[in-house]
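Here's the structure, in structure tokens; my notes come after.
All values reported here derive from a predicted model rather than from experimental measurement. Letters go in sequence order (proteins before strands), and every chain restarts at 1.
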Amino acid sequence: MSTASAANVQVKLPDGTLVEHPSDATSLDVARAISEGLARNVIAAEISGTMVDASRPLGELATDDQPIELKLLTSRDEAALSVLRHSAAHVMARAVMRLYEGVSLAFGPVTEGGFYYDFELDEKISEEDFPKIEAEIKKIIKDKEPFERFIVERAEARKLCDDLDQDLKVEHIDTGLADQATVSFYRQGEFIDLCRGPHIPDAGKIKAIKLMSVAGSHWKADTAGRQLQRLYGTAFFDKKELKAYLAQIEEAKRRDHRVLGKQHGLFAINPEVGQGLCLWLPKGARVRVALEDFLRKELLSRGYDPVYSPHIGRVEMYETSGHFPYYRDSQFAPLFGSEVGAMLDAWSQKLEQGTIDRDGEEKLIEAAKVFGVELPKYKLSGAAEDKRNVLHEWQMVHERYLLKPMNCPHHCQIFKAQQRSYRQLPLRLFEFGTVYRHEQTGELNGMLRVRGLTQDDAHIFCTADQVEHEFRATIELTQFVLRSVGLDDYSVQLSLRDPNGDKYVGSEQNWNQAEGALRGVLEQSGLTYHEEEGEAAFYGPKADFMVRDCIGRSWQLGTVQLDYNLPERFKLEYNGRDNQAHRPVMIHRAPFGSLERFTGMLIEHFAGAFPLWLSPEQIRVLPLSDKSLDYAVAVAKQLDEAGLKVTVDSSGGKVQAKIRNAQLELVNYMAVVGPKEAETGMVALRDRIDGDLGSMPTAEAVARLKQEIQSRQVRQVVQTSFAAAAVDSDAIGNEY
RNA sequence: GCUGCUGUAGCUCAGUGGUAGAGCACUUCCUUGGUAAGGAAGAGGUCAUGGGUUCAAGUCCCAUCAGCAGCUCCA
């Protein structure tokens with residue numbers, strides 16, 4: 001082994017072998033020295049854990065005298081797919097610029113399923129334009145031109161973007177990249193883009209690419225900012241993978257809970273009832289009841305106490321909790337006991353916003369008098385704050401209510417309703433609490449995002465040193481619940497505060513303590529978890545369960561949140577062993593999240609075919625003909641008495657048709673009964689999945705089903721072979 | 001809320017400025033059967049709503065409402 005001379009670099013390959021190359025050699029050259037085939041397959045390189053272009057001279061990348069640790073990435077490496085897709089985004093942008101005038105490029109990162117590029121251009125791109133854009137993309141790919149990287153000083157970069165008429169890039173250099181001395185660009189033929197990289201060696205590596213959709217977006221995600229057009233696409237190393245991906249999208253569409261919910265009579269949303277307000281149809285309601293009964297029983301056995309609270313509460317309570325001012329825009333407007341209450345509220349808001357003049361105030365004072373509201377203390381020349389305080393006194397008289405947007409304040413009041421001793425803690429209060437939130441119209445989505453929802457909510461009030469144990473117990477509860485419905489692929493997102501954010505309440509010390517407690521338990525639990533800064537609730541950090549369903553999609557379901565804030569605001573106290581008043585810690589938790597969202601997710605996960613224990617129709621009795629109808633009804637009665645969800649198909653058709661209907665309606669079991677069964681007291685049991693099981697005594701069929709229910713068996717869940725690519729957007733992209 | 005697309009029977013969808021259609025489902029009748037579709041007849045529409053253009057509008061234009069996709073948001 002010789003020491004590398006100044007003109008050479010030493011390269012250490014993953015298997016530990018050391019090779020020496022000239023310092024201007026690239027990763028591709030290293031590959032070529034191993035084999036031509038490898039060189040053809042190299043997509044990018046990983047040097048000491050950082051992804052770089054395979055065409056970067058290794059000399060640039062050596063940081064010290066140590067050998068360069070090089071890993072050549074080929075299409076077999078997951079990370080390479082992101083590089084490919086980002087390059088595909090460049091190719092797509094290049095095609096768009098060839099076809100359209102005046103295109104301003106924004107950003108073009110990779111996503112979980114592919115990539116997109118945001119453009120500003122006057123002409124509207126529609127799906128009808130896709131074939132011509134794709135044709136242009138194919139031309140670019142066929143030319144196999146290389147991606148070339150070059151570095152320039154910031155001022156020069158600005159001029160380059162300006163010369164290219166890329167004003168969004170210019171702006172980004174001025175703002176987002178103000179602290180960068182130099183920036184990198186990538187050139188591919190005539191196409192030059194400010195970009196961090198890395199990229200594939202040449203466009204020919206893209207073997208399968210498809211434009212997916214076009215949608216609106218905003219420059220730097222600011223809704224008030226410039227409107228852009230976002231073109232989505234996806235790319236793969238071979239056509240088979242693309243085909244599998246498209247099949248997965250089709251599968252997801254087939255499972256859409258809105259379609260299945262309608263088809264199977266599970267739920268309905270009707271504009272006359274109201275946007276985002278879910279009607280649970282009888283079959284959907286049965287699923288919900290099964291979930292509720294299951295969880296209620298579980299919670300009771302785990303030391304929870306059931307409580308109930310009303311659907312409305314006084315605004316003052318939500319002012320105390322801090323929710324009202326903070327979330328005013330996403331709550332339904334307050335309800336007023338009287339007209340004058342509404343007037344005072346509008347008045348107070350105008351004062352707050354400064355949108356009222358003296359003349360307006362005088363008129364309102366006169367109007368208030370008509371309603372018997374005298375305001376001698378209201379000084380027209382006074383400060384808005386003082387005026388609002390005067391109005392507030394009357395607002396206490398003319399009550400304002402809010403449709404309950406969350407259950408926490410009510411549960412705090414339940415805590416306060418009685419004297420509390422440390423001996424009673426932890427106090428675990430649970431309720432299926434229905435809350436209402438005025439979500440933006442564009443956010444509404446079937447059962448997944450609604451305006452009226454029922455949380456499987458509970459609040460645990462405990463001492464500081466019980467927090468860890470209680471948090472661990474709720475994590476375990478959530479795991480148990482997920483396992484019960486057959487969801488076992490999940491991880492936890494630990495949502496922390498944004499260190500620079502200002503939306504949070506509570507002391508620095510409490511936050512650190514809370515975040516530390518959550519992290520500690522997760523560390524010990526062995527669960528896979530990752531931390532997200534800036535995702536915390538305004539009152540405390542939270543741990544959210546991110547669940548992957550059977551076709552690889554991620555859902556945010558159960559949540560556990562720590563709260564040192566509400567106990568403070570509501571001045572909650574318990575009497576400690578030392579006979580002093582102490583402040584409890586509060587844990588919010590909901591293993592389902594909401595019944596709506598959880599059920600919607602389950603519909604998609606099971607493609608409407610619920611496991612027996614959750615099924616709205618567990619068994620259907622099919623008489624061979626009307627002659628067997630009486631026996632069928634008798635069997636159904638027997639099954640019903642055994643606690644099974646049973647129906648009888650009394651329609652006039654042939655049994656084949658009845659079976660077909662039951663199969664299509666996803667009934668778990670069918671009991672076919674004819675003269676033979678009537679004579680012997682049997683049923684011919686048919687399983688939706690395994691088909692005819694033959695005749696057996698009715699009691700045997702009951703026992704079989706009850707066993708399956710009791711064990712909460714989950715059968716036949718489609719498993720996808722397709723795994724969504726892991727995205728490391730920090731590593732790749734032109735967003736810097 | 002923003003941008004774009006869509007709105008015809010309970011459902012899925014045809015309908016090219018000139019009298020509103022199909023399949024499934026539904027109702028009635030016939031059929032009485034053995035593990036994924038028996039037959040016949042019938043009923044069902046203010047073509048999302050409101051304006052406009054036209055001799056004539058489901059069809060073209062505008063507005064509103066709702067849905068969908070994406071953006072933004074999610075206590």
Subject >> His86(A) to Gly108(A) - nearest heavy-atom pair and separation >> reply: ND1-O, 2.9 Å

Original post:
Quick one: does NZ or CZ of Arg85(A) land under 6.0 Å from the six-membered ring centre of Phe115(A), within 45 degrees of the ring axis?
Top reply: no

Original post:
With respect to the side chain of Ile659(A), which nucleotide from A36(B), A37(B), G33(B) is positioned closest?
Top reply: A36(B)

Original post:
For the residue pair Trp555(A) and Phe545(A), is the inter-centroid distance of their aromatic rings smaller than 6.0 Å?
Top reply: no

Original post:
With a non-hydrogen cut-off below 4.0 angstrom, is Gly653(A) in contact with a base, only sugar-phosphate, or nothing?
Top reply: base

Original post:
Would you say the side chains of Glu708(A) and Tyr669(A) form a donor-acceptor pair under 3.5 Å?
Top reply: yes

Original post:
When you match Leu228(A) and Val655(A) each to their closest nucleotide on RNA chain B, which lands nearer the 5' end?
Top reply: Leu228(A)

Original post:
Which comes earlier along RNA chain B counting from the 5' end, the contact point of Lys654(A) or that of Pro271(A), where each point is its nearest nucleotide?
Top reply: Lys654(A)

**OP:** Ignoring hydrogens and angles, state whether a donor on the side chain of Ser625(A) or Lys654(A) is under 3.5 Å from an acceptor on the partner side chain.
**Re:** no

**OP:** Might you point out which heavy atoms bring Pro334(A) and Leu402(A) nearest each other, and give the distance in Å?
**Re:** CA-CD1, 3.9 Å

Original post:
Quick one: does Glu677(A) reach the base of G34(B) with a side-chain donor-acceptor pair under 3.5 Å?
Top reply: yes

**OP:** Classify the side-chain pair Glu532(A)/Ser495(A) by whether it contains a donor and acceptor separated by less than 3.5 Å.
**Re:** no

Original post:
What would the secondary structure line of RNA chain B be in dot-bracket form, counting Watson-Crick and G-U wobble pairs under 3.5 Å, with [ ] for pairs that cross earlier ones and | for pairs with another strand?
Top reply: (((((((..((((....[..)))).(((((.......))))).....(((((..]....))))))))))))....

Subject >> Exercise: do His411(A) and Glu431(A) side chains pair donor with acceptor under 3.5 Å >> reply: yes

Subject >> Base-contact (B) and sugar-phosphate-only (S) positions in nucleotides 69-75 of chain B, heavy-atom cut-off under 4.0 Å, - elsewhere >> reply: SBBBBBB

